[in-house]
Amino acid sequence: MQIDTSISTTVAGIHKLVIPTPFAVGPVNVYIVEGEAVTLFDVGPKTEEAWDSFTSQLKQVGFSLNDIDQVILTHHHVDHCGLLDILLEKRDIPVFGHPLGVPWVEQNDEFLRWHRNYFTEFYLKMGVEKGLLADTDRYYQMLDRLSCRVRLSNTLREGDQIPGMEGWKVYETPGHAQSHLVFHRESDGVLLGGDHIIKHISSNAILESPLRRGEERPKTLLQYRESLLRCKHLDVTIVFSGHGDEVHDMQALIDRRIQEQEVRAQKIRGWLVHEPLTPYQICQRMFPGVYQKELALTMSEVIGYLDLLIEQDRITEEQSGGLFRYKAL
Ligand SMILES: [Zn+2]
């Protein structure tokens, strides 16, 4: 894959570094933002290749490791935070992120065990074949290899002030990740959008377990849509995203994403008119050839559309023998 290492000069004081990842999504964008403090937004996955790429691009944009005052995470996914393990070995600097990202960036063993058990149980109820569940082990092994084990020095919530970043506002945008934040500079309409808004692909509203036993799981696609609509009201001239190119027409892109979700949900509902199906059966039909390899992502898509259709009173859920099936209303 050709990696675009061109450095963005569209907005003075914001430098885009394009860091390779071993994931299908391709490279991740991280940003150096100059202000009173020099802030690094996201870092990349924990690979040698990512580190080499990061340090050489940092030099190209005129900075050294010693210039970075602080790191802010848009969300806890490994392609955005893993490299913290290496960076913090060289530089002891504060790291900010949403409190819901804490157990992930720490790789809190108890939390990960709970997450894993929750999904084993959940997927079986959704009709997933037992044989496929063993593959989710690979996911936790990947976390161990490519993610970090660090403590956030500061947590950030909506409305908090970031030291050294006067004029920037923090917004909570759960959906793609429960810990997702975006950062808006009102004076010129710059939005650091993380994976909330991406130009070339629709962002997956990835399922996460509830924080504690007995709580309801977050309805991630519904959250994602609400977060998109909230951003639509911000005055945004350019979005610097976690992957791919900058977005100049955010409002139109948000409308398109909302529309695409409706179309896909409608397609699923069409199937459910003929027969009740489990989420897994829908997943197999919707993503043939992909679902085995990308079980979590494809099941997240399907369950998201089912949550949406239920909320719109267009389908209903039935339960028998521990299995969930859905049918059209
Ligand atoms: Zn992500």
Side-chain angles (χ1 to χ4, degrees), residues 16-31 40-47 50 54 71-85 95-107 111-112 115 119 136 138-140 142-148 150 152 156 170-183 191-209 218 220-221 223-228 231 239-247 250 253-254 257 261 293-301 303-304:
K16 174 182 179 180
L17 317 182
V18 184
I19 310 296
T21 82
F23 304 110
V25 69
V28 63
N29 301 330
V30 309
Y31 297 93
L40 172 64
F41 282 83
D42 293 338
V43 278
K46 187 174 58 185
T47 66
F54 171 72
V71 182
I72 296 181
L73 298 175
T74 59
H75 63 298
H76 67 258
H77 290 163
V78 287
D79 49 339
H80 296 257
C81 73
L83 207 51
L84 275 177
D85 260 6
V95 182
F96 295 75
H98 192 277
L100 290 178
V102 167
W104 291 103
V105 298
E106 283 181 358
Q107 291 198 56
F111 173 79
L112 290 182
H115 192 267
F119 274 102
T136 59
R138 279 185 311 155
Y139 170 74
Y140 296 95
M142 178 276 293
L143 268 189
D144 195 44
R145 206 173 63 248
L146 298 174
S147 195
C148 53
V150 302
L152 292 186
L156 272 184
V170 181
Y171 290 92
E172 293 180 347
T173 49
H176 172 67
Q178 294 305 299
S179 65
H180 205 289
L181 297 167
V182 299
F183 304 87
L191 187 79
L192 295 170
D195 286 1
H196 184 50
I197 292 164
I198 300 177
K199 189 173 183 176
H200 64 293
I201 40 166
S202 62
S203 187
N204 190 312
I206 297 172
L207 290 178
E208 290 183 35
S209 68
T220 52
L221 184 66
Q223 289 179 317
Y224 180 58
R225 286 161 66 87
E226 205 184 304
S227 296
L228 278 181
C231 282
V239 184
F240 290 98
S241 302
H243 301 276
D245 292 340
E246 289 76 61
V247 176
M250 184 191 72
L253 182 68
I254 289 176
R257 293 284 178 252
Q261 290 158 4
K293 209 170 156 251
E294 297 286 358
L295 185 70
L297 292 180
T298 54
M299 283 297 283
S300 290
E301 288 266 325
I303 303 232

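In each ligand, atom 1 is the first atom listed, and ligand 1 is the first ligand listed.
Residues S179 and H76 have side chains that bring a donor and an acceptor to within less than 3.5 angstrom of each other. No side-chain donor-acceptor contact under 3.5 Å links D195 and S203. For the residue pair H115 / Y140, a side-chain donor-acceptor distance below 3.5 Å is found, with atom types taken as modelled.
Here the protein contributes H75 NE2, H77 ND1, H176 NE2, D195 OD2 as N, O or S atoms under 2.8 Å from the Zn ion (ligand 1).
Between H77 and H176, the ring-plane angle classifies as perpendicular under the 30° and 60° cut-offs.
The main-chain N or O of V30 is never found under 3.5 Å from a side-chain atom of D42 such that the two would form a donor-acceptor pair. With hydrogens and angles disregarded, a donor-acceptor distance shorter than 3.5 Å links the side chain of E208 to the backbone of Q178.
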